[in-house]
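A quick note: this is a predicted structure, and the numbers were derived from the prediction, not measured. Lettering of chains follows the sequences in order, A, B, ..., and the numbering in each one begins at 1. Computation of the quantities below employed the complete heavy-atom set of this structure, encompassing side-chain atoms and omitting hydrogens, waters and symmetry-equivalent molecules.
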Protein chains: 2
Amino acid sequence: MTASSPFPPAPHPADPEPRVPPATLASLYARPGFKLRRAHQIALSVFADECRAFEITSTQYGILVALRERPGLDQVGVAQALGLDRSTTGMVVGLLEGRGFLRRDQHATDRRRRVLTLTEEGARLVEAIAPAAERARRRLLAPLSPEEAEALAALLDRLLGHHDALVRVPLMRPGD
Amino acid sequence: MTASSPFPPAPHPADPEPRVPPATLASLYARPGFKLRRAHQIALSVFADECRAFEITSTQYGILVALRERPGLDQVGVAQALGLDRSTTGMVVGLLEGRGFLRRDQHATDRRRRVLTLTEEGARLVEAIAPAAERARRRLLAPLSPEEAEALAALLDRLLGHHDALVRVPLMRPGD
DNA sequence: TCAAGATGATAAGACGACTGACGAGTTGCG
DNA sequence: CGCAACTCGTCAGTCGTCTTATCATCTTGA
């Protein structure tokens, strides 16, 4: 809360901040965060479109995949495996449980935990979605050549790797 | 985009769905949508961190910038300028109005419209944030060399350009 | 001129995400 | 052993986003 003077940005020679020209819409469009928001929006949209028949979101799909590979994870394990918040995970897991795709049972010894496993139907679903998910991936990357797609993946990996510790929920391969 | 059958149709008969191996966590991590979600998460986080003092989100900042450049836009105009949903825009605009950063007045002739303009305080805020926003941009891109950052921007632009029509709210430079 | 259509705004509901807090349970250490 | 510290799950609250639906208003055309 530094700005309480009636005069907006009077030139301050002693200001350590370099002069920053006023933001314009064009500069907004050029911001990487802006592009990433749009790209994410598009990725969600393409996935939802391809998986329309299953009425499932990419987040829900991620949880099913994680449980298919590692049955018996608890919610925190799922959250860490996918880089999700604990609360978010709890909500989405509750959704999937309500739709009968997974079960939550008490852990044998640690009663704080709920052990998550796919139901038969959940296992069937995650298998059935695979082609649609693959279609979504290809469609999202369609505008890029294979080399460009590779380059994009590499650049994003650089970004993620360096900022991983920064985000509250770093990605964590469970069980290794 | 008419999928009402329980199973997704094969949209391209010439493009038969080959066998799709079962999804693993590793294959999930490799999905571009997954990386984009993480990258977006990080971008939001960095912006929020740098702008902590202003208690503002990147979306709110975008609306302020749009109104600074084009005072008198209506909500639909703001939504189109930023690629936001109309409903989302209405909610965030209501927030900003409640905090005193913008005003909503009746349009002179068209009473359906609400004309949006920054208040003095809103104008001061958007000026004051500029250095923090610039800091966030640089920090987000810090892991990349200038050339890599440029390449990433170009690749994302390719993606956005080709999928723009696909997303329900395409980006639309107002007034050009 | 009046009904039909287009457009702007809002409401309601669902989902994802984060923060902060809290209770129950577990574990480690003095 | 007993208490402190930690962990798991949950809840409440806030925010952003999209969908669908509805309402008010404006414009247009028969």
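The CE atom of B:M91 sits 6 Å away from the C1' atom of D:dC15 (whole-angstrom rounding). Rounded to whole angstrom, the span from the CD atom of A:Q106 across to the C1' atom of C:dA24 amounts to 11 Å. Taking atom CZ of A:R112 as the reference point, atom P of C:dG25 lies 10 Å away to the nearest angstrom. For B:R37 and C:dG16, the CZ to C1' distance is 10 Å, given to the nearest whole Å. Atom CD in B:Q41 sits roughly 16 Å away from atom P in D:dG16 (whole-Å rounding). Between A:D85 atom CG and C:dG16 atom P the separation is 13 Å, expressed in whole Å. Here the C1' atom of nucleotide C:dG16 and the CZ atom of A:R86 are 17 Å apart, to the nearest Å. Summarising the geometry, the separation between NE2 on A:H40 and P on D:dG16 is reported as 16 Å, rounded to the nearest angstrom.
One N or O on the side chain of A:Q41 and one on the backbone of B:G83 form a donor-acceptor pair closer than 3.5 Å.
Nearest heavy-atom pair, B:Y61 versus A:A23, reported as atom, atom and distance to 0.1 Å: OH-CB, 3.2 Å.
Nucleic acid contact for A:S87: base, since at least one base atom lies under 4.0 Å from a heavy atom of the residue. Here A:L44 lies out of heavy-atom contact (under 4.0 Å) with every strand. Within the nucleic acid shown, B:T88 comes within 4.0 Å of at least one base atom, counting heavy atoms only.
For B:R104 and C:dT10, the shortest distance from a side-chain N or O to OP1 or OP2 is below 4.0 Å. Contact annotation: B:R111 reaches the phosphate of D:dC26 (side-chain N/O to OP1 or OP2, under 4.0 Å). Proximity of A:T59 to the phosphate of C:dA17: a side-chain N or O atom is located under 4.0 Å from OP1 or OP2.
For A:E150, the CD atom counts as loosely surrounded, since its 6.0 Å shell holds 12 or fewer non-hydrogen atoms of other residues, nucleotides or ligands.
Each of B:V78, B:D74, B:I63 was checked for a side-chain contact (heavy atoms from CB on, under 4.5 Å) with B:L116, and the lone residue meeting it is B:V78.
Ion pairing of A:E121 with A:R124 is absent here, as no side-chain N (NZ or NE/NH1/NH2) approaches a carboxylate O to less than 4.0 Å.
The listed nucleotides are D:dC15, D:dT17, C:dA9; the one nearest the side chain of B:Q75 is C:dA9.
Nearer the 5' end of DNA chain C, as judged by each residue's closest nucleotide, is the contact made by A:T57, out of A:D110 and A:T57.
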